[in-house]
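A short worksheet on the structure shown next.
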Amino acid sequence: MKRTRIFALLLLLSPMLWAQEITVQAPDMVYVGDNFTVRFVVNEQAKDFRGPSFKGFSLRSGPSTSSSTSMSFINGQMSRSVSTTFSYSLIADVEGTFTIEPASCIADGKKISSKSFTVKVEKMSAAVQQQRQQQQQQQQQRRQAYDPWAQQPQQATQIDNNTLFARASVSKSNPYQGEQVIITYKIYTQVPISQFAIDKLPGNKGFWAEDLSVGQQIKQYEETYNDRRYQVAEIRRGALFAQESGTLTIEPLDLNVLAMVQRQRQRTGSIWDLFDDPFFNSQQAVERPLSTNKLNINVRPLPRAPQGFSGGVGQFDAKGGLSQNKVKANEAVSYKITVSGKGNLMLIDAPQPQFPTAFEVYDPQIDDNLKKNDAGISGSRTYEWVLIPRSKGNYTIPAFNFVYFDPAAGQYVTRRIEAQNIEVERGDSRSTVNVSSKDDVRLLAQDINYIHPLKASSLKAKKEESHTGWGFWLTAVLIILLTVAALVFGHRQQVAEQDIAGMRMKRATRMAKKRLKKAAAYLSAGADTERFYEEIYRAIWGCLADKYNIPLASLNRDTVSACLSDKQVPEAQQTTIMDLLQKVDLARFAPGDPETQKQTIYTDALMMIANL
């Protein structure tokens with residue numbers, strides 16, 4: 001009876017004992033060049049799976065998803081279990097010990113993560129290589145001994161380098177720095193090919209690379225090369241943008257090709273030679289590794305750049321202006337600049353037009369409309385600033401020159417956006433008052449009340465009382481002091497409202513603490529990690545921008561580091577600030593961080609803002 005009760009208790013607690021988890025199945029050690037598989041097994045139906053980056057390995061395929069369901073009956077009770085497996089096929093490239101970061105997913109409405117693990121990659125010795133070859137031969141001999149119908153090793157027709165090879169070519173071998181170059185990878189063959197697989201993509205050091213073949217079908221056509229006719233399969237096309245000048249090398253692309261070749265008949269002297277007739281099996285699949293040629297690109301440096309060069313290399317046009325030219329104070333208006341054309345659009349520096357100091361300017365929103373095709377990358381990128389004028393008047397946003405380099409013409413080209421005039425009318429009572437205008441003078445006159453005349457006798461009586469009473473003098477002194485204080489305060493307030501930098505500095509800590517308070521609420525709730533990091537991000541960057549009067553349009557790590565050095569901030573404090581900025585950026589774009597890391601980032605942000 002006691003055992004029965006314990007068994008029943010275990011059945012009741014089984015959902016608690018079988019909590020959701022991710023189990024990792026991976027080898028501890030592999031050799032260089034080995035193909036191996038890593039599996040993440042979730043003991044529940046899983047979704048929103050996010051795998052690691054597998055730094056140090058080449059990804060052949062994955063993640064491939066499979067699920068299994070098992071049912072069992074125990075004492076008349078049916079139990080059901082579901083598991084989901086995410087598999088990756090990898091290749092070990094170099095020696096070393098590599099740490100694979102955790103994977104995460106959503107299971108039963110909860111976010112779970114696996115544990116990190118290490119894989120050691122060693123170089124295969126000659127003894128290990130010989131042992132593997134012997135094992136393969138033994139396996140083949142055992143198959144032939146137990147299965148006389150098994151196919152004997154066949155002698156395939158030789159495939160030389162002129163029959164089947166891979167080749168890489170570029171549209172231009174001596175481009176300018178930043179100029180778009182199209183690279184194409186092709187397979188040239190004179191034998192049928194059933195399939196191919198890319199083993200390793202080249203490391204294009206010194207280039208910004210964009211894949212142009214995503215979502216497109218493989219192109220096949222005939223081409224004559226070295227006076228021989230080939231069937232050509234265009235397997236990959238990309239756009240390269242050199243980030244430095246000089247001679248840059250494009251490494252080979254490695255791939256495996258499964259070719260169908262004519263099988264030669266082999267005689268062994270046994271009765272089974274009767275079935276080894278090419279008439280029944282005329283072709284054999286042969287796996288052949290291929291590598292493309294190495295390319296050396298001679299990148300020419302750009303001529304001496306004029307002032308205002310954007311970093312754009314290509315053929316572009318620039319247009320822009322205000323959304324409206326007449327607004328009220330404290331109302332928002334937008335200013336847009338759209339750069340369109342063909343070239344390195346994604347690498348162009350954000351424009352920095354000059355806005356009036358009376359305007360509050362927010363970070364530009366960037367909207368990309370890029371197109372990728374065989375000809376390269378083209379389209380447009382739009383920068384939109386939100387402006388809030390704080391005082392009335394007539395203002396001008398100066399003309400802006402967008403400067404880029406045209407490689408076809410070999411010279412710099414300037415596209416001009418004309419100056420924009422904007423009229424700001426008086427807004428509500430919260431807007432800043434311009435006391436130099438006539439309207440403001442009339443408003444001040446309304447504060448003076450009518451003075452009633454008094455009789456001479458009463459004036460005399462009051463005068464006598466004023467000489468004898470100390471209360472009169474105390475009241476008069478207080479009135480004078482209050483009047484002077486009001487005038488001084490009003491003048492300082494007016495100067496402060498016109499000093500945008502000073503106002504930003506005063507509100508820096510207040511606004512940062514307000515955002516940290518929201519982040520603390522998300523942290524205590526234990527949910528909505530994205531909003532938590534968003535508030536932390538805004539608090540830190542907003543505080544730095546307001547404290548050191550950094551324009552929001554040029555707010556980045558380099559600007560902050562330079563500003564901290566100019567303000568002679570201690571080096572230890574600079575290091576703390578820059579490390580925290582890096583932590584927040586990594587946490588925002590790497591979901592799945594533990595709660596302890598969130599608490600640490602929150603504490604560091606609080607200390608940083610307090611020390612500022």
Look at Glu223 together with Lys186 and state whether they make a salt bridge at an N to O cut-off of under 4.0 Å. yes

Is the closest basic N to carboxylate O distance between Asp211 and Arg236 below 4.0 Å? yes

Is it the case that [X] and [Y] place a side-chain donor and acceptor less than 3.5 Å from each other?
{"X": "Thr224", "Y": "Arg229", "answer": "yes"}
{"X": "Thr249", "Y": "Asn296", "answer": "yes"}
{"X": "Gln220", "Y": "Gln231", "answer": "no"}

Mind checking side chain to side chain contact (heavy atoms under 4.5 Å, CB included) for Pro102 and listing every partner two or more places apart, or none if nothing turns up? Ser114, Ser116

Considering all heavy atoms of both residues, which atom of Leu302 and which atom of Gln177 are nearest to each other, and what is their separation? CD2-O, 3.6 Å

Return the minimal non-hydrogen interatomic distance between Met346 and Trp208, and the atom names on each side. CG-NE1, 3.9 Å

Are the side chains of [Y] and [X] in contact, using a 4.5 Å heavy-atom criterion?
{"X": "Ile100", "Y": "Val38", "result": "no"}
{"X": "Val41", "Y": "Gln25", "result": "yes"}
{"X": "Val24", "Y": "Lys115", "result": "no"}
{"X": "Ile183", "Y": "Leu295", "result": "yes"}
{"X": "Val181", "Y": "Phe241", "result": "no"}

Ignoring hydrogens and angles, tell me if any N or O in the side chain of [X] forms a donor-acceptor pair with the backbone of [Y] under 3.5 Å.
{"X": "Arg300", "Y": "Asn174", "result": "yes"}
{"X": "Asn373", "Y": "Ala375", "result": "yes"}
{"X": "Asn344", "Y": "Leu347", "result": "no"}
{"X": "Tyr176", "Y": "Ser245", "result": "no"}
{"X": "Thr292", "Y": "Leu253", "result": "yes"}
{"X": "Glu122", "Y": "Tyr31", "result": "no"}
{"X": "Gln180", "Y": "Ile377", "result": "yes"}
{"X": "Asn35", "Y": "Ile91", "result": "no"}

Report the distance from atom [atom1] of [X] to atom [atom2] of [Y], rounding to the nearest 0.5 Å.
{"X": "Cys105", "Y": "Ile112", "atom1": "SG", "atom2": "CD1", "value": "4.0 Å"}
{"X": "Gln243", "Y": "Leu248", "atom1": "CD", "atom2": "CG", "value": "10.0 Å"}
{"X": "Thr85", "Y": "Phe40", "atom1": "OG1", "atom2": "CZ", "value": "11.5 Å"}
{"X": "Tyr230", "Y": "Arg167", "atom1": "OH", "atom2": "CZ", "value": "11.0 Å"}
{"X": "Thr37", "Y": "Leu90", "atom1": "OG1", "atom2": "CG", "value": "7.5 Å"}

Are the aromatic rings of Phe86 and Phe49 close, with centres under 6.0 Å apart? yes

Would a line drawn from the ring center of Phe57 to the ring center of Tyr88 be shorter than 6.0 Å? no

Going by ring pair (Phe, Tyr, Trp, His ring centres under 6.0 Å), name the residues that satisfy it together with Tyr225, two or more places apart in sequence or in a different chain. Phe165, Tyr188

